[in-house]
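Step one of this worksheet: look at the structure below.
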Amino acid sequence: MTYKNQKVGAFIVPTGIGASIGGYAGDASCYAREFAKHTQLIVNPNVVNAACFSGITDNMLYTEGYTLDSFFKDEINLIPSMNNKIGIIYDKAIPQDALNVHINTQNAVKTIYGTNITAYEITDEEVGVEFFIAEGGVSTGDVKNIETVGRACQKLLDKGCEAIALVCLFDDSDEDNENYADGVGVDPVGGVEAILSHYVSKHFKVPCAHAPAFIDYSIKPDLVNPKASAEYITPTFLPCILLGLANAPKISMDKTVGLNITDLDFLVMPYNALGSIPIFEALKHNIPVYAIKENQTELDITKNNILKQSNIIEIGTYKEALCKILES
């Protein structure tokens, strides 16, 4: 399938699994951007989110995990979109000074990029986010009051918003993985962020992404690993999700419009993270899956664990995979 005379593919790095590429702060962006020079590329936010930076390009379709799964299961189509009307949900627990920093940030993004930020809402109750590293080294967590997010979301949709940016208060995450700043291990907040965005995507069928807020928004001068550095030079991670959501594809239950799973030419995944819905559904539809050996995770699900594996292609690097895709 071609879209705008280009192949259509998906470049996914699941969040919270300690991927050596894409497990930190936008460190998969440069790889995905090479693919997007030659293909229309579906990416999950984890691939391109980088705090005050974003690796997003016009050729990328910024698609949250629950929506990705629905797309691969042929439940929805994705309609490419530009200049979405964005609504922002802020957790009531965010202190006023930190909230002001985020409001200044949203206004800066709107002013500089022309991003269509339509409105924001503060939840009527505290969201209550908890996060931790589970056995096996995977990031996860819990949300005590997800319903307050739903009520704020509905208010924004009633105002005409087409995409939702979600900002909840998190405790300082450094204590949960002290090695993260050195480029080792798992992003401790990634798992529960997925829970939050999945909720909005599932119940409201709109693009969504989450950025954490912290009480301590000061910038620390310590040198950190380049893969994590984007998160250590900004008081807020809001800009990247606003830039992604601006052109995120709309979700369509009408299967006659937009991109369908049958339009997909390839799927690119970390080498040993092959246990998710996109993998199994891609194999059902005979879509080639490229397992990239240079990208290892805390998981251990490789081609050898998959019963139907004929369309899984193990390959050394992202560059090699792109060359093979363009030659096919």
Side-chain angles (χ1 to χ4, degrees), residues 1-12 32 35-48 54 56-87 113-119 150 153-154 156-166 194 197-209 241-268 276-289 311 325 328:
M1 174 67 185
T2 59
Y3 179 76
K4 293 184 179 178
N5 298 316
Q6 292 183 319
K7 289 178 181 282
V8 180
F11 187 117
I12 299 174
F35 278 73
K37 289 178 182 177
H38 308 280
T39 69
Q40 286 288 314
L41 196 65
I42 298 169
V43 297
N44 62 312
N46 186 59
V47 169
V48 293
S54 172
I56 201 76
T57 72
D58 288 345
N59 252 20
M60 293 181 186
L61 302 170
Y62 184 88
T63 308
E64 185 271 341
Y66 182 87
T67 301
L68 266 178
D69 287 350
S70 297
F71 171 77
F72 274 90
K73 289 190 288 185
D74 198 18
E75 296 172 345
I76 62 166
N77 280 11
L78 299 176
I79 303 176
S81 181
M82 301 289 285
N83 202 30
N84 292 325
K85 296 177 182 177
I86 301 172
Y113 297 101
T115 307
N116 193 351
I117 301 169
T118 301
C153 183
Q154 189 60 60
L156 290 170
L157 297 180
D158 291 343
K159 293 179 180 179
C161 297
E162 301 166 310
I164 300 297
L166 182 54
S197 61
H198 285 14
Y199 171 80
V200 171
S201 297
K202 177 180 180 179
H203 292 281
F204 297 95
K205 300 295 187 290
V206 292
C208 179
I241 68 170
L242 294 176
L243 295 173
L245 289 171
N247 295 345
K250 290 186 170 68
I251 300 167
S252 175
M253 308 304 292
D254 181 353
K255 308 302 282 303
T256 66
V257 295
L259 293 172
N260 181 265
I261 178 61
T262 57
D263 298 327
L264 207 64
D265 292 298
F266 65 89
L267 168 62
V268 179
S276 61
I277 287 172
I279 301 295
F280 301 125
E281 295 297 328
L283 294 177
K284 286 181 186 177
H285 289 89
N286 295 314
I287 296 167
V289 177
N311 266 17
I325 289 165
S328 62

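Computed from a predicted structure; not experimentally measured.
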Any side-chain heavy-atom pair from I261 and E281 closer than 4.5 angstrom?
no
Return the minimal non-hydrogen interatomic distance between T63 and L78, and the atom names on each side.
OG1-CD1, 4.0 Å
Whether over 12 other heavy atoms sit under 6.0 Å from K85 NZ
no
Can you classify the ring geometry of H198 versus Y66 as parallel (below 30°), tilted (30 to 60°) or perpendicular (above 60°)?
tilted
Can you find a heavy atom in the side chain of L41 that is under 4.5 Å from one in the side chain of N59?
no
List the atom of K255, the atom of D74, and the distance in Å for their closest heavy-atom pair.
NZ-O, 2.7 Å
If you compare all heavy atoms of I164 against all heavy atoms of C153, which two are closest, and at what distance to 0.1 Å?
CG1-SG, 3.8 Å
Return the OG1 to NZ distance between T67 and K202, rounded to the nearest 0.5 Å.
12.0 Å
Results of side-chain hydrogen bond (donor to acceptor under 3.5 Å, both in side chains) for K159 - residues two or more places apart only
E121
So which atom in A209 and which in Y62 form the shortest heavy-atom distance, rounded to 0.1 Å?
CB-OH, 3.6 Å
G258 and D263 have their tightest heavy-atom pair at O-OD2, 4.0 Å
Donor-acceptor contact below 3.5 Å, side chain N260 vs main chain N77
no
If you round to the nearest 0.5 Å, how far is CG of L68 from CG of L61?
10.0 Å
Does any part of the side chain of V43, heavy atoms only, come nearer than 4.5 Å to the side chain of F35, both counted from C-beta?
no
Do you know which two heavy atoms are closest between L242 and A165, and how far apart they sit?
CD2-CB, 3.9 Å
Are the side chains of T39 and F266 in contact, using a 4.5 Å heavy-atom criterion?
yes
Rounded distance [0.5 Å steps], CG in N311 versus NZ in K284
14.5 Å
Run the numbers on M60 and V48 for side-chain contact (heavy atoms from CB on, under 4.5 Å), then give the verdict.
CA-CA 10 Å; M60 293 181 186; V48 293; 3.8 Å; yes
Any heavy-atom pair between the side chains of N44 and E64 that's under 4.5 Å?
no
Separation between CZ of F71 and CD1 of I42, rounded to the nearest 0.5 Å:
4.0 Å
Should I12 and L267 count as side-chain neighbours, where that means a heavy-atom distance under 4.5 Å?
yes
Once rounded to the nearest 0.5 Å, what's the spacing between atom CG of L156 and atom OG1 of T118?
9.0 Å
After noting the C-alpha distance and the side-chain angles of E162 and I86, does the key distance pass the side-chain contact (heavy atoms from CB on, under 4.5 Å) rule?
CA-CA 6 Å; E162 301 166 310; I86 301 172; over 6 Å; no
Donor-acceptor contacts, no H, no angles, side chain residues 245-252, under 3.5 Å, sequence neighbours left out:
unit_1	atom_1	unit_2	atom_2	d
N247	OD1	N83	N	3.1
K250	NZ	S81	OG	2.7
K250	NZ	N84	OD1	3.0
S252	OG	D254	N	3.1
S252	OG	D254	O	3.0

Working note: V257 + I79, criterion side-chain contact (heavy atoms from CB on, under 4.5 Å); need CA distance, chi angles, decisive distance, verdict.
CA-CA 7 Å; V257 295; I79 303 176; 3.8 Å; yes
So, do V200 and V206 sit near enough that their side-chain heavy atoms are less than 4.5 Å apart?
yes
Is the backbone N or O of S328 less than 3.5 Å from a side-chain atom of K7, with the two atoms forming a donor-acceptor pair by type?
yes
Do P80 and Q40 have side chains that get closer than 4.5 Å, going by heavy atoms?
no
Let me confirm one number: the CD-NZ distance from E75 to K205, rounded to the nearest 0.5 Å.
8.0 Å
